[in-house]
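As a basis for the values below, the full set of heavy atoms in this structure was taken, side chains included, without hydrogen atoms, waters or symmetry mates.
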Amino acid sequence: MQTLALALVISDLKLADEVRTALSDLSLRPLMDVPRVAHWGDFLEVLERQSVDLVVAELAALGEEWERGVGQIRQSATAPAVVVLHPTTDPQTILRVMRAGASEYLFPPIGEGLKTAMERISRERTERNAAGRPTGKTVGFLSAKGGCGATTAACHVAANIQKQSGKQVLLTDFDLANGIVGFVMKAKSSYSVVDAMANVRRMDANYWKALVSSVVPGLDILQAPAISPGRRQILPDLHPLLAFARLHYDWIVVDLGRGLGSLTMDALTEVDETYLMTTLDVLALHQAKQLGRTLRETGYSAQRIRLAINRMPRQTDVTAEDIERLLGMPVAATLPDDHDALYECYSEGKLLTQESQIGRKLGELSGKICGVTPAAPKKKRGGLFAVSG
């Protein structure tokens, strides 16, 4: 087993003895051993400075803000795995812990369960290092309200990044209520992101290929499930799925849908940067402001939020600077109002080309994200007055 850089946060003496015994059997010693988190800022700084791979923490020792704390641990530079220890098996507590971003939830006796969890985490870290490249970067697109263009942006950015960089790209749809990525991208698989989450712990290359649709070489699609009525479903943990995807793709582009549901909040702990899509509609701007504030208050770094204005009119009295002052966030991108081009491409079952204004803008946004300058569109030959595409 690969040596893991460990941090322990355990106040209960009996529980601490169980953990230390399990560590001794594995010939592991913690780099950091504290009874509780006294100050989250200092704690996270030490985790990053010591490049911690795994935090084993008693739930009570994390304090009242433990949900936010687990998310902050997962978002720190080394993205440590988190194993939470707690004396009860209350289903609601387990669900909250896993949704916060923990890799495992263990209750006494924890010795064998901890050993198994650590061996799995060590194996995942070894596979990640053996990949010979940094883990994939994840970019999310979130609509302030319906119709702000998160799906359109996600689909085109994923396709453009693959084309511009030549890297392996996964486009996945976490909008389980309304997801249409599969329709837009003409995905063929009968499986969905829910199937992937439910089976990720027994995932191998062959099973993964059955789950995704490879629409073009280098671009795979993991679609949302078909919409069906029924009672609310308790979803599996998505964090192992995104950890698996990071090992096999250079870029993961995520359609987060609209608003901040529980699945979106879970996904955001794994997303490196999020494009918050809005329009100049008053309701959309109001929602964008509220979403931005909520994300910051729940610990999502303001530096990871990118504001994108969609359907920007050619002539308007409202400038990007006005929007920045109103929402308190810098505008990272503006996309023009080009309904005709979108209608035409979707009617024909195609994506936008660089010949349309919005297609060019999405190409520029994709290049900005992946660090590649898009090639200039070719000029159409049409006689004396040749038109630039």
Side-chain angles (χ1 to χ4, degrees), residues 139-165 169 171 173 175 178-187 213 215-216 218-219 221 223-224 251 253-258 275-281 283-285 288 306-320 323 331-370 372-383 385-389:
V139 181
F141 289 86
L142 174 66
S143 278
K145 59 183 285 290
C148 288
T151 298
T152 295
C155 291
H156 285 85
V157 165
N160 284 330
I161 287 178
Q162 195 287 317
K163 185 176 181 179
Q164 293 167 359
S165 68
V169 179
L171 170 61
D173 193 345
D175 185 4
N178 307 283
I180 57 171
V181 164
F183 170 78
V184 173
M185 301 300 291
K186 300 296 180 281
S213 292
V215 294
V216 295
L219 175 60
I221 312 299
Q223 61 189 350
W251 291 91
V253 180
V254 181
D255 182 356
L256 296 167
R258 65 192 75 168
Y275 281 82
L276 177 53
M277 307 289 298
T278 185
T279 63
L280 295 186
D281 175 80
L283 292 178
L285 292 174
R306 313 279 190 266
L307 185 64
I309 305 173
N310 193 19
R311 299 207 301 272
M312 191 78 168
R314 288 182 174 84
Q315 294 183 342
T316 177
D317 294 332
V318 180
T319 65
I323 301 301
V331 174
T334 59
L335 301 175
D337 188 2
D338 200 349
H339 175 270
D340 291 344
L342 280 170
Y343 179 82
E344 182 178 350
C345 76
Y346 286 152
S347 297
E348 297 176 356
K350 300 177 181 178
L351 293 181
L352 293 161
T353 68
Q354 297 289 298
E355 295 177 358
S356 66
Q357 187 180 11
I358 186 172
R360 285 196 299 275
K361 284 291 186 179
L362 285 165
E364 291 169 5
L365 175 59
S366 307
K368 180 179 178 180
I369 291 172
C370 68
V372 175
T373 302
K378 296 180 180 180
K379 293 183 176 180
K380 291 182 178 179
R381 298 180 182 274
F385 299 102
V387 180
S388 177

So, taking the atom named [atom1] in [X] and the one named [atom2] in [Y], what distance separates them when rounded to the nearest 0.5 Å?
{"X": "Gln162", "Y": "Asn160", "atom1": "CD", "atom2": "CG", "result": "10.0 Å"}
{"X": "Leu256", "Y": "Leu276", "atom1": "CG", "atom2": "CG", "result": "10.5 Å"}
{"X": "Gln354", "Y": "Ser356", "atom1": "CD", "atom2": "OG", "result": "7.5 Å"}
{"X": "Glu364", "Y": "Thr334", "atom1": "CD", "atom2": "OG1", "result": "9.0 Å"}

Return the set of residues passing side-chain hydrogen bond (donor to acceptor under 3.5 Å, both in side chains) with [X] (not counting sequence neighbours), or none when no residue passes.
{"X": "Glu344", "answer": "none"}
{"X": "Arg311", "answer": "none"}
{"X": "Asp175", "answer": "none"}

Under the side-chain contact (heavy atoms from CB on, under 4.5 Å) test, which residues partner [X], sequence neighbours left out?
{"X": "Ala284", "value": "Lys145, Cys148, Thr278, Thr279, Asp281"}
{"X": "Val215", "value": "Met185, Leu219, Ile221"}
{"X": "Thr353", "value": "Glu355"}
{"X": "Ala224", "value": "Asp173, Leu176"}

| note | For residues 345-354, the salt bridge (charged side-chain N to carboxylate O under 4.0 Å, His left out) pairs (sequence neighbours left out) are Glu348-Lys350
Under 3.5 Å, side-chain donor or acceptor atoms of residues 149-156 against the rest of the protein: list the pairs with distances, not counting sequence neighbours.
from   : atom 1 : to     : atom 2 : distance (Å)
Thr151 : OG1    : Asp255 : OD2    : 2.5
Thr152 : OG1    : Tyr346 : OH     : 3.0
His156 : ND1    : Thr152 : O      : 2.9
His156 : NE2    : Leu352 : N      : 2.9

| task | Any chance you could lay out the side chain to side chain contact (heavy atoms under 4.5 Å, CB included) test for Gln357 and Arg314, step after step, and finish with the verdict? | result | CA-CA 11 Å; Gln357 187 180 11; Arg314 288 182 174 84; 3.2 Å; yes
| task | State, with a plain yes or no, whether a side-chain heavy atom of Ile369 is found less than 4.5 Å away from one of Arg306. | result | no
| said: Looking at Lys368 and Ala332, would you say the former's side chain and the latter's main chain have a donor-acceptor pair under 3.5 Å? | reply: yes
Enumerate donor-acceptor pairs with a distance under 3.5 Å from any side-chain N or O in residues 335-342 to protein atoms, sequence neighbours excluded.
none

